[in-house]
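Structure first, commentary second.
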Amino acid sequence: MSLGKPLAALAAGIALVLVPTAAVACPFCPSAGQTLLGEVNQAHLIVFGTLTNAQRDPNEFGKGTTDMEIEVIVKDHQFLKGKKKITLPRYVPDTKDKSKYLVFCEIYKGELDPYRGEAVPTDSKIAEYLKGAIDLKDKDMPARLHYFFKHFDAADWAIAADAFQEFSNAEYKDVRAAGAKMNPDQVLKMLKDPNTSIARYGLLGLLLGHCGKGETHGKALKEFIDDPKVKQATGLDGLLAGYVLLDPKDGLAYVAGLIKDTKEDFLVRYAALRNMRFFWEYRDDVLKKAAIVDAIKPLLDQPDIVDLAVEDLRKWQQWDQTAKLVQLFDKPSHDVSIIQRSIIKFALSAPADNKVAADFLARMRADEKQAERVRDLEQLLELEKPRPVEPKDKK
């Protein structure tokens with residue numbers, strides 16, 4: 001079974017755990033999610049072994065028991081003392097493809113309650129992998145990420161996927177620190193491996209950007225990006241980030257070229273925009289913010305993506321772009337609700353002494369249709385304002 005999906009026979013006992021996304025999580029990874037190591041604190045005990053002797057409850061459908069022969073105790077508990085076999089209060093029928101299982105359990109009122117199970121190949125090293133991760137729990141995050149990176153290409157997909165998920169949960173500062181100490185040739189080899197999932201392209205590109213040797217690896221990464229299949233793949237934004245980190249001058253010129261080229265697919269131009277967002281938010285030591293703004297300006301003349309660029313300019317408080325945006329409002333190509341709303345929202349966010357924005361909003365409020373839009377967007381902006389934090393001692 002794939003990582004993150006509970007064993008079907010244990011589904012009735014699953015506890016759903018919500019993991020908050022880190023405020024500055026890895027920017028080019030899939031969304032954060034629970035990992036095996038993340039489950040360790042919740043579980044009272046974790047065991048690895050073989051399931052045998054499945055017995056169905058004749059009186060209740062779907063109920064029953066299954067024995068588990070313990071081969072490795074990943075997390076010990078007094079309940080396991082002296083035991084080489086335990087009985088799970090779940091019916092897990094035998095399958096043709098023989099598997100072993102990593103099972104997470106709680107002890108409730110003295111009884112065993114298995115709530116998550118991972119079916120893995122019989123030769124899986126998942127127990128050793130998780131024990132190794134537990135042993136590093138007191139190390140700093142970059143050191144732990146190095147451990148997980150070593151398992152990126154594990155033959156057991158459950159291990160490889162979990163190791164990758166650890167990076168998805170990590171903060172960028174830790175990914176950056178870990179990446180700086182990696183072997184760039186190993187990262188590039190993994191990136192070019194046809195068996196590498198495209199979901200990993202963004203992270204691997206970013207890691208190469210942190211450990212690679214300037215133009216040497218920058219050129220290799222650009223050649224990889226230029227493959228039409230790669231350019232259309234998930235993770236292009238992270239690949240572009242790696243290229244810019246390795247060669248800021250040529251990298252920025254390449255990204256700016258993608259943005260300007262209206263023949264490029266929307267997703268390619270959007271990946272280039274996300275790439276610029278990354279440098280604005282995390283790495284303005286690599287690209288000056290003025291250069292980032294200049295790079296995305298061509299998007300203002302592209303109706304299929306202009307609203308996203310306007311929103312970024314608003315968040316970045318680029319009020320010197322007000323006159324340009326006001327002019328765009330009346331262009332026939334931009335006479336689209338979502339575009340015009342983004343421009344009104346920009347004007348509403350501008351400082352009170354911005355005369356161009358003030359005059360524009362006065363014109364909008366004089367038009368009955370636009371006045372309603374203005375009111376709606378004022379309410380939306382009010383809702384977007386951060387709420388004041390209440391004092392901790394307030395009852």
Close side-chain approach of Val40 to Leu130, heavy-atom, < 4.5 Å
yes
Compare every heavy atom of Val74 with every heavy atom of Ala127, then report the nearest pair and how far apart it is.
CB-CG2, 3.9 Å
Find out whether Glu111 and Pro89 are in side-chain contact, i.e. whether some heavy atom of one side chain is under 4.5 Å from a heavy atom of the other.
no
Output, in order, the C-alpha distance, side-chain angles, deciding distance and verdict of side chain to side chain contact (heavy atoms under 4.5 Å, CB included) for Leu51 and Leu88.
CA-CA 9 Å; Leu51 301 186; Leu88 306 176; 3.9 Å; yes
Within this structure, what is the NZ-CG distance for the pair Lys289 and Asp284, rounded to the nearest 0.5 Å?
4.5 Å
With sequence neighbours left out, what residues match Phe266 under ring-ring contact (aromatic ring centres under 6.0 Å, His included)?
Tyr270
May I have the step-by-step check of side chain to side chain contact (heavy atoms under 4.5 Å, CB included) for Leu240 and Leu258, ending in yes or no?
CA-CA 10 Å; Leu240 292 173; Leu258 295 178; 4.0 Å; yes
Could you check whether any side-chain N or O of His334 sits under 3.5 Å from a backbone N or O of Gln327, counting only pairs where one atom can act as donor and the other as acceptor?
no
Sub-4.5 Å side-chain heavy-atom contact between Leu328 and Val310
no
For the side chain of Gln42 and the backbone of Phe104, is there at least one donor-acceptor N/O pair under 3.5 Å apart?
no
Atom CD of Glu384 with >12 non-hydrogen neighbours under 6.0 angstrom
yes
To the nearest 0.5 Å, what is the distance between NZ on Lys173 and SG on Cys26?
13.0 Å
Any salt bridge linking Asp312 with Arg277? Criterion: basic side-chain nitrogen under 4.0 Å from a carboxylate oxygen.
yes
Just by distance, with hydrogens left out, do Asp162 and Tyr129 show a side-chain donor and acceptor under 3.5 Å apart?
yes
Side-chain donor/acceptor of Asp174 to backbone N/O of Met141, under 3.5 Å
no
Between Leu236 and Lys231, what is the shortest heavy-atom contact and its length?
CD2-O, 3.2 Å
To the nearest 0.5 Å, tell me how far Thr65 OG1 sits from Asp57 CG.
8.5 Å
Around Lys75, counting heavy atoms of other residues, nucleotides and ligands shown, do more than 12 lie under 6.0 Å from its NZ?
yes
For Glu372, I'd like to know if atom CD has over 12 heavy atoms of other residues, nucleotides or ligands within 6.0 Å.
no
When rounded to the nearest 0.5 Å, the distance separating CD1 of Ile73 from NZ of Lys81 is 12.5 Å
I'd like to know if Asp237 pairs up with Arg274 as an ion pair, taking the criterion as any Lys NZ or Arg NE/NH1/NH2 lying under 4.0 Å from an Asp or Glu carboxylate oxygen.
yes
Salt bridge Arg269-Asp304, side-chain N to carboxylate O under 4.0 Å
yes
With no hydrogens and no angle check, is any side-chain donor or acceptor of His151 less than 3.5 Å from a backbone partner on Tyr147?
yes
May I ask you to test the Glu378-Leu348 pair for a side-chain heavy-atom distance under 4.5 Å?
yes
Minimum heavy-atom separation for Asn275 and Ala241, please, with both atom names.
ND2-N, 2.9 Å
Between Leu300 and Val306, is the side chain to side chain contact (heavy atoms under 4.5 Å, CB included) condition met? List the steps.
CA-CA 5 Å; Leu300 299 179; Val306 57; 4.1 Å; yes
Taking Gln318 for its side chain and Trp316 for its backbone only, find out whether a donor-acceptor pair lies under 3.5 Å.
yes
Heavy-atom side-chain contact between Thr50 and Lys85 under 4.5 Å
no
Evaluation steps, salt bridge (charged side-chain N to carboxylate O under 4.0 Å, His left out), between Arg144 and Asp138:
CA-CA 9 Å; Arg144 287 152 60 187; Asp138 294 328; over 6 Å; no
Do NZ/NE/NH1/NH2 and the carboxylate oxygens of Arg314 and Glu311 come within less than 4.0 Å?
yes
Would you list the atom pairs, donor with acceptor, under 3.5 Å between side chains in residues 182-192 and any protein atom, with sequence neighbours excluded?
unit_1, atom_1, unit_2, atom_2, d
Asn183, OD1, Asp185, N, 2.9
Asn183, OD1, Gln186, N, 3.4
Asp185, OD1, His217, NE2, 3.0

Do the two ring centres, one from His44 and one from Phe79, sit under 6.0 Å apart?
no
Atom CZ of Arg363 with >12 non-hydrogen neighbours under 6.0 angstrom:
yes
Side-chain heavy-atom pair Phe346, Trp319 within 4.5 angstrom cut-off
yes
Residue Lys249 excluded, over 12 heavy atoms near NZ under 6.0 Å:
no
Check whether Ser99 reaches the backbone of Ala119 with its side chain - one donor and one acceptor, N or O, closer than 3.5 Å.
no
Would a 4.5 Å heavy-atom cut-off, applied to side chains only, mark Phe28 and Leu239 as touching?
no
How far apart are the C-alpha atoms of Ile225 and Tyr254, what are their side-chain angles, what is the distance that settles it, and do they pass the side chain to side chain contact (heavy atoms under 4.5 Å, CB included) test?
CA-CA 11 Å; Ile225 295 170; Tyr254 184 83; 3.6 Å; yes
Does any part of the side chain of Phe48, heavy atoms only, come nearer than 4.5 Å to the side chain of Val120, both counted from C-beta?
yes
Is any NZ, NE, NH1 or NH2 atom of the basic residue among Glu39 and Arg116 found under 4.0 Å from an Asp or Glu carboxylate oxygen of the other?
yes
For Glu215, does the CD atom have more than 12 heavy-atom neighbours from other residues, nucleotides or ligands under 6.0 Å away?
no
Taking only Lys NZ, Arg NE, NH1 and NH2, and the carboxylate oxygens of Asp or Glu, determine whether Asp294 and Lys297 approach each other closer than 4.0 Å.
yes
Identify whether the distance between the nearest side-chain nitrogen and carboxylate oxygen of Lys131 and Asp135 falls below 4.0 Å.
no
Value for CZ (Phe360) from CZ (Phe329), rounded to nearest 0.5 Å, stands at 4.5 Å
Using atom types as modelled, flag every donor-acceptor pair under 3.5 Å from a side chain in residues 200-213 to any protein atom, sequence neighbours excluded.
unit_1, atom_1, unit_2, atom_2, d
Arg200, NH1, Phe152, O, 2.8
Arg200, NH2, Ala160, O, 2.8
His210, NE2, Tyr172, OH, 3.0

Pair Thr262-Gln302, side-chain hydrogen bond (donor to acceptor under 3.5 Å, both in side chains): steps then yes or no
CA-CA 7 Å; Thr262 56; Gln302 301 173 23; over 6 Å; no
Heavy-atom closest pair (Thr52 atom, Thr66 atom, distance to 0.1 Å) is O-CG2, 3.4 Å
Which atoms form the tightest heavy-atom contact between Ala295 and Leu252, and what is the distance?
CB-CD1, 4.2 Å
Does CD1 in Ile338 sit with more than 12 non-hydrogen atoms of other residues, nucleotides or ligands closer than 6.0 Å?
no
Is there a path of hydrophobic side-chain contacts, each under 4.5 Å between heavy atoms of I, L, V, M, F, W or Y residues, that connects Leu112 with Tyr108?
no
On a heavy-atom basis, which atom in Ile339 and which in Ser333 lie closest, and how many Å separate them?
CD1-O, 4.4 Å
Rounded to the nearest 0.5 angstrom, the NZ-CE distance for Lys369 and Met364 is 10.5 Å
